[in-house]
Amino acid sequence: MSERSLPENAASATQNINAAIRSRRAVSAVPARKTADISYKVKRNLGLTLEYLFLIAMTVFAIFPLYYVLQASFNATQQLITTTLQLFPQSPTLGDYTYILGQTSFLHWLLNTTMLVGGSTLFGLIISVLGAYALSRFKFKGRLSTLTFLLTLQAFPGLLAITAYYQILQSLHLTGTLEGLMLIYTAGSIIFGAWNIKGYFDTLPKELEEAAYVDGASTFRTFWQIMLPLASPSIAATALISFIGGFNEFALANLVLTPNAAQSNITITVGLYSLANDHSTPWGYFAAASVLVTVPLVIIFLLLQRYLQSGLTIGSVKG
Amino acid sequence: MLQVKKPTIALFLFPTFLFIALVNIFPIAYTIYISLTNENTFNEYLQTYHFVGLKNFQSILTEANTALIPVVFITLLYVALCIGSFLVIGMITAMILNDKRIRGLKIWRALIILPWAMPSFVTALIWKFLFDYNFGPFNNILRYITQNVNTGVNWLGSPIPAFIAVVVVNLWLSYPFFTIVILGALQSIPEELNDAAKVDGASPWQRFREVTLPLLVPAITPITVMSGITTFQMFNTVWLITAGGPFTDITKPGATDFVMLYFYNYFTTGAFTNYGKAAATAIIVFILLLIVILTGFRLTGFNREETAK
């Protein structure tokens, strides 16, 4: 309380304390240094060495799977079927890549997934941005209970209702199609999107809209031209998270899509799963395909990750 | 709050409600409906199933050999092990990355959060190969160290190693998120606090316990709760690696048959499926989750600000 009522005094008091701490440390450090110098230095360096060792261990842990798959993708396919340890390609080749790009429907899978998830992310964003704005700004009965209700619905794991999804798709004649999956993915991204973007709208001052109304702008125009651009960090973060979520979805896609003979109608997750689990296909093919998928995604993620910090208001959602 | 005409409000909210009604509410209602019937693979085809009231619920909760209890138990064990390891590893890496004496902090940071940037389904399939008994590099490393071609852990083929394997993979996927959040919280703690404690003669452990940790709690609690919930609902990664196995007894759930996997397997692989009973189990799990989530939100004060408005 006192800090708030007397900001200047408080600030100067803190400064005084800081100065006191500094001088006290300087004074006490001088005589202590001579006697405790060696053991202090050893202790300090030991700590630092342990920290470096831990960092190295964590880095190995973090990059080993990526490194292993990368080197495997350049390995001649037979070289992987071995019981001796091999961490470098014996005779590097691009054979696995030419096989994946030429002999499989890999590019179809990638295209299917990109269109499917791109579509569901876009539709999901349009819908949730509208809902989020209404839930953040408009005064209406049942606003709070709607928000709680949405969270409650989110607690229902969609996987438990697989048969119900099947019923919906059947009655809409969308079984086995990417459009059907797009519908479910879209809906799946709405609740998180609405909550997250709503949280961001909450932080924007409402004087912005009041000023726009005074200038004669309509509700929709104010929303579209003023509020939406301001909310772009949270929209970007939401888009990234829905995109990653949809891209990684496997359970429903595996159930809904029936692969045709060329396997050209499935998503990348289902396709890679079949590559990894078909014992007649060498693992090197899978390795090359996963490098082709992973590298662009890592680049997108690294480019957009700064939005994740500013645009995530709920803050605690994993991709 | 803005005063806006009702039709405008309806226009903004309509698409959200439409989709939610179709893809969120309908499935829940449908599941509740099925849970009150005796629908199964045979009478589903003939459309001859009928209402049985709460019989499914009764049989699930009273049956001695019901799979629900062991499945929920191993799921909770998995959640506890995962969250514990996320916190420990996330905390240690964050504290080290917050140490200004370390050279090249930015590079270390980028390397250590790399798993976060990779698509999780791809890495799950990669990990599956890393654990492979015959040709996986982990066993090859063991063989190299012991110089014995016949050694090796049957990682995915025996219950305990398989369980450890899925914990390790989930740790790999999730610790970067904890590291980043904890690092952010650490950086917001003013250095003066630690310095003052140092002057007062506090040991590093005391400083951590009494100064740093209490200030980290507000940042750690929500991510712990959220992560606990997502781990409880874990499906993709574990299914891609073990598919719920290894199964030692055909009538019992597998060693990594966590709640969601158990359901998926039940619905998709069984020749005879008792939909009514499965739906009832789904509803019970939903209620359990709801209790956990609502307590979690209350605990973290997630919704407090909103309801106070």
Side-chain angles (χ1 to χ4, degrees), chain A residues 18 21 24-25 48 51 54-55 58-59 62-63 65 68-69 80-85 127 130-131 133-134 137-140 144 147 152-153 155-157 159-165 167 184 186-187 190 194 209 219 247-248 250-251 255 269 272 276 283 290 293-294 297-298 301-302 316 318, chain B residues 1-4 8-9 12-13 15-16 19 23-24 27-28 30-31 93 96 99 101 108 111-112 114-115 117-123 125-127 129-130 135 137 140-141 143-144 149 177 192 195-196 199 222-223 226 230 233 235-236 260 263-264 267-268 275 282 286 289-290 293 306-307:
Chain A
N18 289 344
I21 290 168
R24 212 168 133 196
R25 199 167 70 177
L48 198 59
E51 287 184 15
F54 189 83
L55 276 183
M58 283 311 287
T59 308
I63 63 178
Y68 189 81
V69 81
L80 287 167
I81 305 172
T82 171
T83 50
T84 52
L85 182 60
I127 295 164
L130 288 168
Y133 186 64
R137 283 300 206 260
F138 297 164
K139 189 176 176 168
F140 61 95
L144 285 181
L147 281 166
T152 316
L153 286 181
F156 188 82
L159 267 184
L160 297 183
I162 280 175
T163 41
Y165 284 144
Q167 296 276 340
I184 295 174
T186 303
I190 289 177
E209 286 129 312
T219 310
F247 202 96
N248 281 304
F250 169 76
L255 203 71
T269 42
L272 276 187
W283 198 74
S290 37
V293 178
T294 304
L297 277 186
V298 169
F301 183 89
L302 293 176
S316 24
K318 285 190 269 186
Chain B
M1 285 299 116
L2 300 170
Q3 292 283 4
V4 182
T8 320
I9 299 176
F12 273 85
L13 284 173
T16 306
F19 267 79
V23 188
N24 292 76
I28 297 177
Y30 184 81
T31 310
T93 42
I96 295 177
D99 187 340
R101 294 174 301 168
W108 289 114
L111 287 171
I112 278 179
L114 193 74
M118 289 178 66
S120 61
F121 83 96
V122 176
T123 47
L125 292 170
I126 297 172
W127 276 98
F129 186 80
L130 301 185
F135 311 121
N140 283 346
I141 290 172
R143 287 172 194 135
Y144 181 79
V149 192
F177 178 70
E192 286 78 16
D195 289 344
V199 170
I223 59 168
M226 292 295 264
T230 45
Q233 301 188 31
F235 176 81
N236 255 12
M260 295 302 137
F263 272 102
Y264 195 76
F267 277 122
T268 56
Y275 293 111
F286 176 44
L289 268 175
L290 210 56
I293 290 174
E306 192 49 53
T307 34

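With sequence neighbours excluded, no residue forms a side-chain hydrogen bond (donor to acceptor under 3.5 Å, both in side chains) with Glu51(A). The side-chain contact (heavy atoms from CB on, under 4.5 Å) check on Thr186(A) picks up Ser120(A), Phe123(A), Ile127(A), Met182(A), Phe19(B), with sequence neighbours excluded.
For the set Thr93(B), Ile9(B), Leu111(B), the entry with the most heavy-atom pairs within less than 4.5 Å of chain A is Ile9(B). No other option in Leu255(A), Ile190(A), Thr269(A) has as many heavy-atom pairs under 4.5 Å with chain B as Thr269(A). Looking only at heavy-atom pairs under 4.5 Å with chain A, the residue among Thr8(B), Val122(B), Leu114(B), Asn24(B) that has the most is Val122(B).
Note: Phe12(B) CZ to Tyr133(A) OH = 6.5 Å, rounded to the nearest 0.5 Å. Atom CD1 of residue Ile28(B) and atom CG of residue Leu153(A) lie 5.0 Å apart, to the nearest 0.5 angstrom. Note that CG of Asp99(B) and CG of Leu48(A) are 6.5 Å apart. Values are rounded to the nearest 0.5 Å.
The side-chain heavy atoms of Met118(B) and Leu297(A), taken from C-beta on, include no pair separated by under 4.5 Å. Counting heavy atoms from C-beta on, the side chains of Leu13(B) and Phe140(A) come closer than 4.5 Å. Side-chain contact check for Leu130(A) versus Thr16(B): every heavy-atom pair is 4.5 Å or farther apart. For the pair Leu125(B) and Ser290(A), the minimum side-chain heavy-atom distance is 4.5 Å or more. Using a 4.5 Å heavy-atom threshold, the side chains of Thr59(A) and Ile112(B) count as touching.
For Tyr165(A), the part sitting under 4.5 Å from any heavy atom of chain B is the side chain, from C-beta outward, and nothing else. The contact between Val298(A) and chain B is made by backbone and side chain atoms together, counting heavy-atom distances below 4.5 Å. No part of Thr123(B) comes within reach of chain A, as not one of its non-hydrogen atoms sits under 4.5 angstrom from that chain.
The heavy-atom pair separating Val23(B) from Ala187(A) by the smallest distance is CB-CB, 3.3 Å. Asn236(B) and Ala251(A) get closest at one heavy-atom pair: OD1-N, 3.8 Å. Of all non-hydrogen atoms in Pro27(B) and Ala164(A), the two that sit nearest each other are CA-CB, 3.5 Å. The shortest heavy-atom contact between Ile126(B) and Pro65(A) is CG2-O, 3.7 Å.
Aromatic ring orientation, Phe129(B) versus Trp283(A): parallel (interplanar angle below 30°, classes split at 30° and 60°).
Counted within 6.0 Å of OH on Tyr144(B), heavy atoms from surrounding residues, nucleotides or ligands total 12 or fewer; the atom is thus considered open.
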